[in-house]
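Because the structure is predicted, anything quoted here is derived from the model rather than measured. As the structure lists them, so they are numbered: ligands from 1, and atoms in each ligand from 1.
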Amino acid sequence: MARMTQDTAADSSSEPDRVEGAPTLREAAVLAGGGEAPTARHLVSIDDISLQEMHALFRLADRFAAEPRAFAGTCPGFISASLFYEPSTRTRLSFESAMLRLGGGVLTAAEMTSSSVVKGESLADTIRVVGGGYADVIVLRHPSEGAARLAARYSPVPVINAGDGSLEHPTQTLCDLYNLHVERGKIEGLDVVLAGDLKYSRTVHSFAYALARFGANIVCVPQAGLELPDYVVERLHEDFQVEPMRADARRLGNLASNSDAVYLTPQKPHQLSLFTDARGWEVQSVDAVYMTRPQTERHSGAELSETTYLRLEKRAMAAESLRDAVVMHPLPRRDEISDEVDADPRSIYFKQAARGVPIRMAILAWLLGRVPLESAGEPSESVESYGVPVGPNPCPNPSCISRTETRHAEPRFRILDRDPLRVACAYCTRELSHAVIGCSRSRIFHAPQAGTIRLILPEHLVFFGNEEAAVEAGFRPAVGLTGH
Ligand code: NCD
């Protein structure tokens with residue numbers, strides 16, 4: 001597809017017949033030539049957007065931020081629907097403000113308990129209805145992990161994930177990255193502290209994936225008991241070869257005094273000279289501290305240790321390592337940043353929230369096909385997923401959408417590795433463990449390490465927790481397996 005270059009973007013603003021902010025004639029021609037996109041482009045995970053596209057979004061957001069009222073001709077006649085199954089202030093209002101500033105309209109179901117959900121309507125049906133003529137883009141927030149991925153399967157219009165359980169929150173991450181880009185001029189090589197509830201904060205998970213992808217380093221300062229989950233650490237390792245290592249965070253002062261800090265870096269080779277001793281990697285100076293609140297809606301509080309929750313106070317800000325650090329928070333905050341820190345010029349959390357509007361204007365204009373991204377790279381590869389023809393629901397994650405949306409979220413998986421076979425749930429991305437693997441054609445099951453599994457077509461793979469379950473489903477053991 002033709003892309004608008006930086007030069008043409010600059011030229012186009014001088015076209016005389018242009019409604020201010022409307023797509024340029026050149027952009028319109030690109031759009032007209034391209035016709036209707038055969039399938040909508042969705043933003044479910046931060047992985048769904050390439051680095052080049054992110055940079056192009058930042059440039060577009062800069063234009064929107066400079067003249068927020070000048071682009072009302074960009075999306076006239078377009079409608080976004082906010083479907084929020086969980087509370088929200090910033091995400092929903094900044095998306096709606098963004099759509100209104102682009103000249104579009106908004107439909108809001110902010111309190112989904114007043115919708116047909118109470119009558120038992122499935123998410124898939126709601127999405128088909130709203131995407132089937134009511135709206136041109138759907139902004140979805142849902143408590144189940146993988147809900148946005150499921151919605152994207154059923155939606156003819158772009159689905160934007162505004163947070164799905166603890167899994168991801170890619171537009172908050174684009175907002176956070178955009179803030180780093182504005183404040184620091186770059187993201188590559190920065191040292192960013194992620195503090196607080198690293199276990200259940202979806203903003204932290206999406207942000208960590210993106211930071212590693214940009215080549216930034218992460219210092220995890222978790223609340224005890226709320227460390228970054230294994231599945232996130234594993235994904236950082238698999239995708240970016242990040243090895244967690246102990247961090248010596250004494251220079252972070254009392255912010256990290258009760259926390260087991262961990263350093264995650266995609267940089268290779270490590271500068272071993274910065275290792276002090278057994279205390280590990282020495283945190284010297286950081287570029288940003290990203291604080292998060294305890295996500296108590298996702299845990300009972302029992303996981304919170306006896307120690308009081310981390311708190312960033314004025315005296316913590318005196319630590320030498322934080323001299324040049326910006327303080328960020330996706331908000332809402334509770335007590336984890338004391339009010340006295342608000343006046344510190346390094347605190348940018350309210351600016352960070354304000355920048356949610358221009359970056360979301362850019363996201364909407366892009367996904368609606370109204371402004372092709374300058375110098376955008378190829379979209380990230382879409383990974384094919386496969387349905388499981390028979391067998392029990394294989395996803396072990398109790399928060400996965402496939403556990404509640406049983407009619408429409410039939411078990412699906414993606415292949416992580418073929419030899420030996422490793423698969424993940426196509427909705428919540430959690431790796432599936434299986435004791436035996438069957439073929440729905442031959443109805444024979446095998447041990448997971450068996451070489452013959454390579455010969456089974458992905459769409460015929462069936463997973464069982466144990467041999468008994470396979471036998472019960474009418475499968476026979478391969479030679480060498482007992483069937484018990
Ligand atoms: C975050 C969220 O909903 O995950 N809020 C937001 O979108 N700005 C963070 C939070 O609720 O703690």
Between Tyr349 and Val327, is any pair of side-chain heavy atoms under 4.5 Å apart? yes
With a sphere of 6.0 Å drawn around OH of Tyr134, does it hold more than 12 non-hydrogen atoms of other residues, nucleotides or ligands? no
Side-chain donor/acceptor of Thr404 to backbone N/O of Ile401, under 3.5 Å: yes
Geometry only, no angles: is Pro332 polar-contacting ligand 1 at N/O separations under 3.5 Å? no
When you measure from atom 1 (C) of ligand 1 to every protein heavy atom, which one gives the shortest distance, and what is it? Thr203 CG2, 3.7 Å
Where on Leu331 is there a heavy atom closer than 4.0 Å to ligand 1, on the side chain, on the backbone, on both, or on neither? backbone
Under 3.5 Å, side chain of His142 to main-chain N/O of Tyr85, donor-acceptor pair present? no
Considering only non-hydrogen protein atoms, determine which one is nearest to atom 11 (O) of ligand 1 and report residue, atom name and distance to 0.1 Å. Arg293 NH2, 2.8 Å
Does Tyr209 have Arg235 sitting over its ring (NZ/CZ under 6.0 Å from centre, angle to axis within 45°)? yes
Checking the side chain of Thr126 only, and the main-chain atoms of Ser122 only, is there a donor and an acceptor separated by less than 3.5 Å? yes
Proximity flag Gly163 to ligand 1, non-hydrogen atoms under 4.0 Å: no
Please identify which atoms of ligand 1 are closer than 4.0 Å to at least one heavy atom of Arg202. 2 (C), 3 (O), 4 (O)
Kindly indicate whether a cation-pi arrangement holds for Arg360 with Phe95, taking the cut-offs as under 6.0 Å to the six-membered ring centre and within 45° of the axis. yes
Ignoring angles and geometry beyond distance, decide whether His169 reaches within less than 3.5 Å of ligand 1 through its nitrogen or oxygen atoms. yes
Give the atoms of ligand 1, by number and element, whose distance to some non-hydrogen atom of Thr91 is under 4.0 Å. 6 (C), 7 (O)
For Gln295, is at least one N or O under 3.5 Å away from an N or O on ligand 1? yes
Below 4.0 Å, non-hydrogen atoms only: which portion of Glu86 touches ligand 1? Side chain, backbone, both or neither. neither
Just checking, Arg141 and Phe84: is the charged tip under 6.0 Å from the six-membered ring centre and within 45° of the axis? no
Using distance alone, determine whether Gln172 and ligand 1 share an N or O pair under 3.5 Å. yes
